[in-house]
Amino acid sequence: QVQLVESGGGLVQAGGSLRLSCAASGSNLLLTVMGWYRQAPGKQRELVATLTSGGSIHYADSVKGRFTISRENAKNTVSLQMSSLKPEDTAVYYCAADWSPTAVVEGRAGYWGQGTQVTVSS
């Protein structure tokens, strides 16, 4: 059973930076797609960024130019470097992973982390 464990959330002032990390365990196979979702209070969960094992990257328009996703295939880990943070980035961030790219993009990933809170103060 694959387990995803996130780390790195916290409180930061607007304009600051945070780095989230997610480590996958329980699988000897390389997860094809790893990515990040977020959910703010009262809002639907939204896709933030995804990265395939082959290096294909997708970002939500709202984070382009500010967030950078990266991964270490050998360790089945994915990170999200967040810069120029805004109060509207405040949310619980979830790591997601699957062998199906479509599943991750459509929010149907088979594996999810427990979530880590990111709070950006104005």
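Throughout, residue positions are numbered sequentially from 1 according to the sequence presented. Just so it is clear, the values below take in all heavy atoms, side chains as well, and ignore hydrogens, waters and symmetry mates.
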Atom of T32, atom of P101 and distance for their closest heavy-atom approach: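 Shortest heavy-atom contact: CG2-CG, 4.2 Å.
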Taking all atoms of both residues into account, what is the closest heavy-atom pair of R66 and S84, and its distance?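 The answer is NH1-O, 3.0 Å.
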When you measure from the side chain of [X] to the backbone N and O of [Y], does any donor-acceptor pair fall under 3.5 Å?
| X | Y | result |
| --- | --- | --- |
| Q114 | V5 | no |
| D98 | V104 | no |
| Y59 | I69 | yes |

Close side-chain approach of [X] to [Y], heavy-atom, < 4.5 Å:
| X | Y | value |
| --- | --- | --- |
| S83 | F67 | no |
| T52 | H58 | no |
| Y94 | L4 | no |

If you group Ile, Leu, Val, Met, Phe, Trp and Tyr by side-chain heavy-atom gaps below 4.5 Å, do V78 and L31 land in one group? yes
Please tell me whether V33 and L80 are part of a single hydrophobic cluster in this structure, the criterion being side-chain heavy atoms less than 4.5 Å apart.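 In one cluster with V33: L80, no.
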What pairs of donor and acceptor atoms, side-chain ones from residues 12-26 against any protein atom, are under 3.5 angstrom apart with sequence neighbours left out?
| residue | atom | partner | partner atom | Å |
| --- | --- | --- | --- | --- |
| R19 | NH1 | Q81 | OE1 | 3.3 |
| S21 | OG | S79 | OG | 3.4 |

Please check if the number of heavy atoms outside E106 that lie under 6.0 Å from its CD is greater than 12. yes
Which atom pairs, one a donor and one an acceptor, fall under 3.5 Å between side chains of residues 115-122 and the rest of the protein, sequence neighbours left out?
| residue | atom | partner | partner atom | Å |
| --- | --- | --- | --- | --- |
| T116 | OG1 | G9 | N | 3.3 |
| Q117 | NE2 | A91 | O | 3.4 |
| Q117 | NE2 | T119 | OG1 | 3.3 |

Lys/Arg N to Asp/Glu carboxylate O, D89 vs R38, below 4.0 Å: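 Judged by the 4.0 Å cut-off on N to carboxylate O distance, D89 and R38 do form a salt bridge.
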Salt bridge or not for K64 and D61, using N-O below 4.0 Å?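 The answer is yes: the pair qualifies as a salt bridge.
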Would V92 and R45 count as a side-chain contact (heavy atoms from CB on, under 4.5 Å) here? Give the steps. CA-CA 9 Å; V92 177; R45 185 175 58 189; over 6 Å; no
Can you run down the ring-ring contact (aromatic ring centres under 6.0 Å, His included) pairs that involve residues 99-122, sequence neighbours left out, and say none if there aren't any?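 For residues 99-122: Y37-W112, W99-Y111.
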